[in-house]
Amino acid sequence: MNQSTPTSAGTIFHLIKTGAATTRAELARHTGASASTMALRIDELLQAGYIEESGEGASSGGRRPRNLAVRDAPEVVAGIDLGENHAIIVLLNRRGETVAQAVHEVSLRADPDTVLGALIQHVRQLTDATPGRTLAALAISLPGPLDARTGRLLSPTRMPGWSGVDVRERLEALSGIPSRASNDANSMALAEYAVREGSVRDLLFVKAGSGIGTGSIVDGSLYTGFRGVAGDISHTTLTNAPAIPCSCGRVGCLDMVASGSAIVESVRERGGEVASIDDVLGLAKQGHPGASEVLREAGRRIGEVLSTIVNFFNPQVLALGGLLATSDAFTAGVRQAIYTQCLPMTTDLLEISVAQAGRAAGAVGIAWDTLEKSLQPENVDAVLQLSGA
């Protein structure tokens with residue numbers, strides 16, 4: 001891989017993309033490059049279609065400088081958030097903007113090639129329906145842990161028949177398009193980091209829905225651990241939880257007492273007529289005491305597990321995502337446990353809030369990260385070198 005220099009075209013593009021410098025004068029100050037070198041690099045980027053001139057900046061006494069910005073391109077990255085019953089697909093352009101979005105029903109009980117083949121077809125249809133766009137890469141967010149060393153799924157609870165599957169490899173084989181795969185909580189953490197535009201460097205994202213998981217951004221980078229399963233808290237055993245058997249072979253796992261399916265079962269046991277977590281949330285909004293109590297208890301149990309992580313990690317933001325985070329009772333339960341069990345010095349400046357990234361966070365996060373990696377300075381320099389720009 002090429003090593004970019006402080007005055008390479010790729011480095012200059014990165015400064016423009018991040019907003020660190022948007023005029024020739026600002027770029028020269030950041031890089032220390034001469035006027036002739038700066039003009040050459042900017043011409044390279046303009047001719048290759050990476051940047052464009054857009055409007056005028058503020059004047060410091062002379063002619064108003066021309067602003068430089070990332071130029072859109074026909075190529076898009078498709079992000080897929082694969083859930084238990086549906087998939088969300090987004091198309092991101094070079095600026096990281098969502099240019100198209102769709103939702104499709106899926107069943108994870110079908111074999112991997114059938115599911116992935118259908119998803120590829122949906123992505124191609126969405127791309128074809130978006131004028132002037134071509135597909136450059138596929139990125140998928142999965143509801144299960146991936147081995148960072150092999151890329152294979154590790155005994156995903158809600159994906160029977162998928163254990164040991166290298167989803168990235170299957171996607172590329174079926175589509176012929178460069179692909180990536182990641183855990184859904186990690187993808188959502190990336191989306192939350194992106195939507196906050198660099199204002200937060202240490203962030204803990206909690207996905208609470210049909211399953212439970214966390215993703216950690218440490219000093220601006222995703223942390224996945226040695227094997228890639230950092231943040232998989234769903235099988236943490238709670239000592240004071242009901243001894244409900246779990247698919248992992250133990251009893252009292254967090255997933256069995258605080259996930260969406262566990263909440264539905266608890267409300268049913270209390271006489272609530274519910275078929276899904278949506279029904280439970282609806283009852284809670286109507287003031288049903290049993291539904292609200294179960295949601296608060298689930299939040300408290302998840303908060304108990306999170307409190308250890310918060311004490312150890314000391315994040316700036318704890319972002320609550322997933323369907324359960326839409327419940328005031330649930331979020332109140334999380335807050336109660338965190339503030340009760342964490343040290344004051346870890347919580348006095350801690351922001352605990354509902355995630356800002358929205359429903360498509362998993363799809364947006366993995367697509368955004370794929371785009372970011374493709375636009376790193378060394379990659380931009382390599383493309384320009386190959387094109388002879």
Side-chain angles (χ1 to χ4, degrees), residues 1-2 4 8-24 26-27 30 41-55 66-81 88-102 123-124 126-141 171-172 175-180 182 187 190-198 220 222 357-358 360-389:
M1 183 177 290
N2 294 336
S4 297
S8 75
T11 300
I12 290 167
F13 174 75
H14 185 72
L15 290 170
I16 295 169
K17 184 172 75 69
T18 58
T22 58
T23 67
R24 286 168 171 79
E26 290 173 349
L27 288 164
H30 267 273
R41 296 291 181 258
I42 290 174
D43 282 345
E44 284 184 272
L45 292 168
L46 286 168
Q47 290 175 19
Y50 274 100
I51 63 172
E52 62 185 6
E53 292 184 312
S54 61
R66 295 281 289 172
N67 282 328
L68 298 166
V70 175
R71 182 180 179 180
D72 195 4
E75 295 82 12
V76 292
V77 174
I80 306 167
D81 182 25
I88 300 175
I89 300 172
V90 301
L91 302 182
L92 260 57
N93 66 9
R94 183 187 280 166
R95 294 173 179 154
E97 301 163 335
T98 299
V99 297
Q101 182 172 327
V123 168
R124 292 192 188 280
L126 185 62
T127 306
D128 291 343
T130 310
R133 298 296 178 178
T134 59
L135 189 59
L138 287 168
I140 189 167
S141 168
L171 269 180
E172 288 192 348
S175 69
I177 297 171
S179 303
R180 286 187 65 210
S182 177
S187 299
L190 287 165
E192 190 68 15
Y193 174 73
V195 79
R196 291 173 182 264
E197 298 182 333
L222 180 69
V364 170
I366 186 62
W368 174 83
D369 193 50
T370 301
L371 183 68
E372 285 290 296
K373 285 178 167 53
S374 72
L375 295 176
Q376 287 299 299
E378 61 271 19
N379 292 329
V380 173
D381 286 334
V383 171
L384 292 175
Q385 186 175 6
L386 285 173
S387 67

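Here the structure is a predicted model, which is why all the values come from computation and not from measurement.
Taking the side chain as every heavy atom from C-beta outward, L138 and I140 never approach each other to under 4.5 Å. Looking at E53 and N67, their side chains never come closer than 4.5 Å, going by heavy atoms from C-beta outward. Residues Q376 and S4 are not in side-chain contact: their nearest non-hydrogen atoms beyond the backbone lie 4.5 Å or more apart. Under the 4.5 Å side-chain criterion, counting only non-hydrogen atoms from C-beta, D43 is in contact with L46. Side-chain contact between L45 and L384: present, with at least one pair of heavy atoms (C-beta onward) separated by less than 4.5 Å.
E372 has no carboxylate O lying under 4.0 Å from a charged side-chain N of R180, or vice versa, which leaves the two without a salt bridge. A salt bridge links D369 to K373: at least one charged side-chain nitrogen sits closer than 4.0 Å to a carboxylate oxygen.
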>> side chain to side chain contact (heavy atoms under 4.5 Å, CB included) for I51 and K17? Distances and angles first, verdict last.
In response: CA-CA 9 Å; I51 63 172; K17 184 172 75 69; over 6 Å; no
>> V195 vs V364, test: side chain to side chain contact (heavy atoms under 4.5 Å, CB included). Steps then yes/no.
In response: CA-CA 10 Å; V195 79; V364 170; over 6 Å; no
>> Is there a side chain to side chain contact (heavy atoms under 4.5 Å, CB included) between Y50 and L375? Walk through the geometry before answering.
In response: CA-CA 10 Å; Y50 274 100; L375 295 176; 4.1 Å; yes
> For L91 and V77, what are the C-alpha separation, side-chain angles and deciding distance, and is it a side chain to side chain contact (heavy atoms under 4.5 Å, CB included)?
Replying inline: CA-CA 6 Å; L91 302 182; V77 174; over 6 Å; no
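Within the model, atoms CD1 of I12 and CZ of R24 stand 10.5 Å from one another, a figure rounded to the nearest 0.5 Å. Between the NE2 atom in H14 and the CD atom in E378 there is a gap of 10.0 Å [rounded to 0.5 Å]. With values rounded to the nearest 0.5 angstrom, R71 atom CZ is found 8.5 Å from R94 atom CZ. Once rounded to the nearest 0.5 Å, the distance linking CG of L190 with CH2 of W368 reads 6.0 Å. With rounding to the nearest 0.5 angstrom, the CG atom of L371 is 6.5 Å from the CG atom of L92.
Here the shortest heavy-atom pairing between H30 and A21 reads CD2-CB, 3.7 Å. The shortest non-hydrogen separation linking P178 to A136 is CD-O, 3.7 Å. Between A69 and S54, the shortest heavy-atom contact is CB-OG, 3.5 Å. Contact record, A139 with I366: CB-CG1, 3.5 Å, taken as the closest heavy-atom pair. Of all the heavy atoms in N93 and V76, the pair that sits closest is CA-CG1, 4.3 Å. The minimum heavy-atom distance linking D381 with S8 is given by the pair OD2-OG, 2.9 Å.
Under the 3.5 Å distance criterion, the side-chain polar atoms of R95 are matched with a main-chain donor or acceptor of V70.
Checking T130, T127, L126 one by one against L135, the side-chain contact (heavy atoms from CB on, under 4.5 Å) holds for a single residue, T127.
F13 does not carry R41 over the face of its six-membered ring by the limits of under 6.0 Å from the centre and within 45° of the normal.
In the displayed structure, E197 atom CD is contacted under 6.0 Å by at most 12 heavy atoms of other residues, nucleotides or ligands.
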